Each structure stands twice: as structure tokens, then as C-alpha cells.
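Source: prediction; values computed, not measured.
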Amino acid sequence: MNLEFWRNYVDEIEATPVDALLAKATAPVRNALTRALEKKELTPEEGLLLYTSDGDDLRATVKCADIARAEDVGNEVTYVVNRNINFTNICFVGCQFCGFKRQRWESDAYDHSDETIVAKVADAVARGATEVCMQGGINPDMPPFKYRDLLDAMKRAFPQIHIHAFSPMEIMYGAKRVRMDYPEYIAMLRDHGLGSIPGTAAEILDDGVREILSHKKVDVAAWVEIITTAHSLGVPTTSTVMYGHVETPHHVVNHLDLLRTIQKETHGFTEFVPLRFIHQNTVLYRKGLVSPVERGTLDFQMYAFSRLFLRGQIDNLQTSWVKCGIDLAALTLKAGCNDFSGTLMEESITAQAGGDAGEFVPVDLFEEKAREMGRVAVERTTLYKKLYGRKAPNGARPIASPPLAADHHASGGSGCS
């Protein structure tokens, strides 16, 4: 990827009046963008035009997305100081896009003990975190009430921490293990400290695509049921899409249309997070089922289209530095994004798939990159309350490294006692 090209690209778009860019766009794209700027809901057909735009059409789409972002959420760039905890990499699901999962007999399989996880939370709190984000593999040897008991352990030690945890796939598996229906199970987790749910395991909400990606994964109907149930119980979620693999543009547009429909009914999505597919260490790539998509054009298409297509329903559009790299992610702040994601502090899933963006971004770097884009960075909570004037200790760099309790690795019983 030629980063200097994309810097010049967004600077040129920013400096050009919107009318001049619209005048160069094709008539169908110009009409769709005009409707978007008027805050009219785009049809899936118009969304497809924007998502597949290139040349002058894409320049106009990026410009209009930036205008819509400024009108809808202002010029502040938000971020959250959080720690990501992947508590086990043992998983039987076998997703074709995953380089993270391990079988329990593999030498690098792990299943962290509750003590280890609480120590990680302690370190995160010492570094200024207001949130821990937790997801893991689907471990067949997991104790039935593992998720509930883990929430209890964290909340006993740190009652103030927001726990953003357990994807719909984990919810489905956990509920089945204890023979509870989704409302009962999610309410139990909420009452034991679950603050919000990641809208991951979505990938592409099309069962044909999902059969290719992972035939054991939660299907579309179950994903929607779990998400809408959470919303009805007062548990907000994020929403996501994974792009750049076997899907078509139609699949992406239909996916966002479904998310938009859910949001109209529940108002439970806090944000939308497009996630670029990282291919290097995945079965899909080894089988030759996907071809690498260079960073740049597809990312700008995705972010700009998402801002305009979801306008009026999901205001917060999060860029993913862990997928795109910090510099490209900063540039997407001029293509509709208003949120810089979180500090993470550790990250395994993207890294194991071949990601090269690292596992941690200090708040100082968020602030620096926002300034480079002519914006101001502001820390937020998980639910988008802005924390003006707050400064995480030492820029959220490590200030404490408590000794971690010995982990239960697969060879030692995968955490069951």
C-alpha cells in the first residue's frame, strides 16, 4: 500500500468543494449522494452504487461521508481505554478465516484461569482502562457456568469496570450448555455484570457465505435473535461486518441493510465496526479460496458507504487500527469515521491471522493521529459518554505488571477443576 498516495488522496478531497466533486460524479451516484446529504434513507441499490464506486464517484462519496460525519457527530475523535482479553484459544468450531484457534492437545493451546484473567483486569485498571473486552474460543471442556462465574470473579475484584464480552456465538454455546433460553441466559449474564456484547460472529449475515466461512457457526436467524434479545433486555451491542474475503458487494449491502432494520426496531447498537479480513494464516487463504485485497480502496469504499448508508440509525463508525494499521486508520477519519477504537493492550485473534498492526496503541498516539487529521481526540466510555479532561495514566502505557497466576493450559485440563 502506498500510504503517501492515500494521504494526498484525502487531502485533495478535503480541499475540493463538494459541489465540484459531485459535478464530476456519474448521475446515479450524484443522485444517491445528494439524497444522503439530505438525510434521506438510501435504498440497497443506492448503497451498492456507493460501495462499488471508484474514480470520481469514490472521491465524491468520501467527501459526502466526511460531511455527514461532521454534521451528525461533530469533529471530535473518540477512543476507549480498554484491554482485550482472549481468555482461551481452544475451539472446536473450525472457522476457515481464523488463525487463532487451537485444539486442546496443541502445545500452544491455553485456557486462562480466573486468577490470571483477574490479574489482567488489575493491570488494565492500573493503566487507566474503563473497559475490558473479552472473547475466546468455544472450548468443549468449559464448565457449564464458566461465563457467569468469570463475570462474578471480575466484578468482585473491580466492580467499576465495564465488561464488554461474549459474542453471539459464545452466547449460543453458553445457553445450550446450561439448557437456558436466550432471554433467561442473557439476563443472567447481565445481572452478574455483563455490560454489553460485541456484535461479532457476524462476518457476513448470509447463510450461504457463512457455510463457506464456518458451517458450525451461529446462523443468521440465531445471530439476529441473540442480538435483538440482548437489546430488549437493556444490554447494548456493537455491530460489525467482515469484508474482503469470499463475499460479494451485494452481500455487504444486504448485511448493512439488515443491521439498519434491527436498529430501527431496537436502537441497541452503539456503533458499527467494519473489520477487514486478515488472510495470511487462514485456511481460506491456504486453500486458494481468497485473494489478498490491498489496503486502501476497499477500506475507503467500506467506511464511506457505511457512514452514508447507516445515516440516521447508527451514528458511531469505528475505524480498525488493528486491521488497517494506525496510519491508514487515521486517514479513514476523513472518510466518515469518528471513533478510533480502543487501546486493546493485548490482541491475539488478528495477530494470529497474520495482522501486522501490533496489539497496543497508547492514547498519546490516538491524540497525535487525530491532530494530524485536524481533529481532537477525546476519551469515551464503552457507551460513548465522553470523558472530557480525563487522561489515562502515562498515556495508558504499562505502569503495573502484577504477576499472573499460573494458567490452566490444555495439557493441564483446559481450565476445568
Side-chain angles (χ1 to χ4, degrees), residues 41-53 91 93-99 101 135 138 167-173 182 197-231 237-266 268-269 271-279 282-285 287-293 298-299 301-310 313-314 317-318 320 323 349-350 353:
E41 185 176 284
L42 298 179
T43 66
E45 292 75 21
E46 290 172 320
L48 186 63
L49 283 173
L50 301 188
Y51 183 47
T52 58
S53 63
C91 188
V93 179
C95 298
Q96 303 289 287
F97 56 86
C98 180
K101 75 101 176 178
Q135 297 179 86
I138 307 299
S167 74
M169 181 65 189
E170 291 167 286
I171 297 291
M172 182 184 77
Y173 182 68
Y182 295 140
I197 292 173
T200 48
E203 284 82 57
I204 292 291
L205 293 170
D206 177 276
D207 283 326
V209 174
R210 299 176 78 75
E211 182 65 21
I212 298 170
L213 296 179
S214 178
H215 73 277
K216 295 180 183 178
K217 202 76 175 273
V218 56
D219 63 18
V220 174
W223 190 93
V224 171
E225 182 182 0
I226 291 166
I227 288 291
T228 55
T229 298
H231 293 176
T237 77
T238 61
S239 58
T240 65
V241 67
M242 185 176 74
Y243 64 97
H245 44 93
V246 301
E247 86 286 3
T248 68
H250 284 277
H251 289 133
V252 171
V253 174
N254 290 340
H255 178 108
L256 267 72
D257 193 37
L258 177 56
L259 296 179
R260 189 172 65 177
T261 298
I262 293 171
Q263 184 73 338
K264 289 178 185 177
E265 297 171 354
T266 69
F269 289 132
E271 66 202 69
F272 178 61
V273 190
L275 300 169
R276 160 180 275 275
F277 171 62
I278 303 298
H279 68 277
T282 66
V283 175
L284 283 176
Y285 180 57
K287 287 183 176 178
L289 297 177
V290 296
S291 299
V293 180
L298 183 60
D299 305 291
Q301 289 170 324
M302 172 58 76
Y303 286 114
F305 148 70
S306 298
R307 166 59 67 184
L308 297 170
F309 192 76
L310 297 174
Q313 298 301 330
I314 303 177
L317 179 59
Q318 183 181 113
S320 178
K323 304 289 186 180
I349 294 175
T350 299

Ignoring hydrogens and geometry, is there a side-chain-to-backbone donor-acceptor pair from Gln263 to Gln313 under 3.5 Å? yes

Without swapping roles, check the side chain of Glu170 against the backbone of Ser167 for a donor-acceptor pair under 3.5 Å. yes

Quiz question: by atom type and distance under 3.5 Å, do the side chains of His251 and Thr248 form a donor-acceptor pair? yes

Any side-chain heavy-atom pair of Leu259 and Val241 under 4.5 Å: no

Write down the atom of Asp207, the atom of Val220, and the distance for their closest heavy-atom approach. OD1-N, 3.0 Å

Evaluate the ring planes of Phe277 and His245, with Trp represented by its six-membered ring, and classify them as parallel (under 30°), tilted (30 to 60°) or perpendicular (over 60°). perpendicular

Just how far is it from atom NE2 of His250 to atom OG1 of Thr52, taken to the nearest 0.5 Å? 8.5 Å

Do the non-hydrogen side-chain atoms of Leu308 and Leu50 ever get within less than 4.5 Å of each other? yes

Go through the steps to decide whether Ile171 and Thr229 satisfy the test side chain to side chain contact (heavy atoms under 4.5 Å, CB included), and finish with yes or no. CA-CA 11 Å; Ile171 297 291; Thr229 298; over 6 Å; no

Decide yes or no for Arg210 and Val218: does some side-chain heavy atom of the first lie under 4.5 Å from some side-chain heavy atom of the second? yes

Could you tell me whether a side-chain N or O of Trp223 sits under 3.5 Å from a main-chain N or O of Thr200, the two making a donor and an acceptor? yes

May I ask you to decide if His255's main-chain N or O and Asp206's side chain share a donor-acceptor pair within less than 3.5 Å? no

Which atoms form the tightest heavy-atom contact between Ile314 and Arg307, and what is the distance? O-NH1, 4.5 Å

Distance-only, no hydrogens or angles: does the Thr238 side chain make a donor-acceptor pair with backbone N or O of Phe272 under 3.5 Å? no

Please test Ile226 against Met172 for side chain to side chain contact (heavy atoms under 4.5 Å, CB included), starting from the C-alpha separation and ending with a verdict. CA-CA 8 Å; Ile226 291 166; Met172 182 184 77; 3.9 Å; yes

Verdict with reasoning, Met302 to Val252, per side chain to side chain contact (heavy atoms under 4.5 Å, CB included): CA-CA 9 Å; Met302 172 58 76; Val252 171; 3.6 Å; yes

Check: Arg276 side chain, Val293 main-chain N or O, donor-acceptor pair, under 3.5 Å: yes

Contact summary for Asp257 and Pro44, nearest pair of heavy atoms: OD2-CG, 3.8 Å

Counting distance only, does the side-chain N/O of Arg260 pair as donor-acceptor with the main-chain N or O of Phe309 below 3.5 Å? yes

Thr240 side chain to Val273 backbone, donor-acceptor under 3.5 Å: no

Quick check for you: to the nearest 0.5 Å, what is the distance between Glu225 atom CD and Thr228 atom OG1? 6.5 Å

Leu298 and Gly244 have their tightest heavy-atom pair at CD2-CA, 3.9 Å

